[in-house]
Amino acid sequence: MKQKQTHHSRRNLLLSLGALFLSSSLFAQQPSTKKEESKLFLSTAPQHLLFGANLGIEKELSPKLSLGTDLTIHLWITPAPNVAISPMIKYYYSGIVGMGFYARAKVVGGYFFNTSAIDDHPFYAGGGIGTGLLIPLGKSNHWLFSADVGIKFVAPFGKGAKKLTKSDGKWGMTYYSVLSPASLFDLSVGIAYQF
């Protein structure tokens, strides 16, 4: 009888340990019912504010990839006012979107309301590659600093733009080749806000 009682005690102990182990492992691996939202960033590059407005949006697709777009409108202090949209995809080396260095590819499409400095085609389109950095400002994870450098090839096309005056030619060439969304070099410094 004592042997039977010992057998029951062992069995109860094993069952209790098994139930405890099972419940603790289920509790530890229980999937979260709260779905984590992907990161969303709004940004601007202050150098564009000299000519008009610039607004960017970026959304996390995965821990390393994000998809975004910039809308740039240049209306003043330029002989060739224009509007451009630039969709892009970014790959973050750190594995965290919105933190550290990234590589990016972008396409650009836009319209000159006047002729550009090099021709009378009002539309332009192309693409390019680049790299950049996005880091938090201070202790807050909401405000971020960005710096971006790249190169792109943008081709003009179409007919019907209003002609530039001769006096605008030199400034127009500088603007077109260095400062406009259609420029060969893609340099920007900006700020972003994470929601």
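If you read the sequence from its start, that first residue is 1, and numbering goes on from there. Predicted, not measured: the structure shown is a model, and the values here were computed from it.
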Who else is in the cluster with F41 when I, L, V, M, F, W and Y are joined by side-chain contacts under 4.5 Å?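 Noted: F41 shares its cluster with Y92, V97, Y102, L134, L144.
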Could you go through the side-chain contact (heavy atoms from CB on, under 4.5 Å) check for R104 and D186 one step at a time? CA-CA 12 Å; R104 62 141 175 87; D186 218 353; 3.2 Å; yes
Distance, nearest 0.5 Å, that separates [atom1] of [X] from [atom2] of [Y]:
X	Y	atom1	atom2	result
I96	K39	CD1	NZ	6.0 Å
I57	L42	CD1	CG	5.0 Å
Y176	F112	OH	CZ	5.5 Å
I89	T69	CD1	OG1	12.5 Å
S43	Q194	OG	CD	12.5 Å
N82	S180	CG	OG	6.0 Å

Can any side-chain N or O of [X] pair as donor or acceptor with the backbone N or O of [Y] at less than 3.5 Å?
X	Y	value
W76	P81	no
N54	A45	yes
S94	M99	yes
S183	F185	yes

Using side-chain heavy atoms (C-beta onward) and a distance below 4.5 Å, is [X] in contact with [Y]?
X	Y	answer
I73	L55	no
F145	V189	yes
P87	K106	no
L67	K59	no
Y124	Y111	no

Indicate, with yes or no, if [Y] and [X] share a hydrophobic cluster defined by side-chain heavy-atom contacts under 4.5 Å among Ile, Leu, Val, Met, Phe, Trp and Tyr.
X	Y	value
M88	V149	no
L179	L49	no
L187	V107	no
L184	F51	no
F153	V108	no

Is the [X]-[Y] ring centre distance short of 6.0 angstrom?
X	Y	value
Y93	F101	no
Y175	H74	yes
Y193	W143	yes

Looking just at side-chain N and O atoms, do S66 and E60 make a donor-acceptor pair shorter than 3.5 Å?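 The answer is no; no qualifying pair exists.
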Looking at every heavy atom in both P181 and A84, which two are closest together, and how far apart are they?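 So the minimum-distance heavy-atom pair works out to CB-CB, 3.5 Å.
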For I129, is the CD1 atom crowded, meaning more than 12 foreign heavy atoms sit under 6.0 Å from it?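 Counting neighbours around CD1 of I129, 12 or fewer heavy atoms of other residues, nucleotides or ligands fall under 6.0 Å, so no.
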Audit row: D148, K90, salt bridge (charged side-chain N to carboxylate O under 4.0 Å, His left out) steps and yes/no: CA-CA 11 Å; D148 192 283; K90 293 180 182 177; 5.3 Å; no
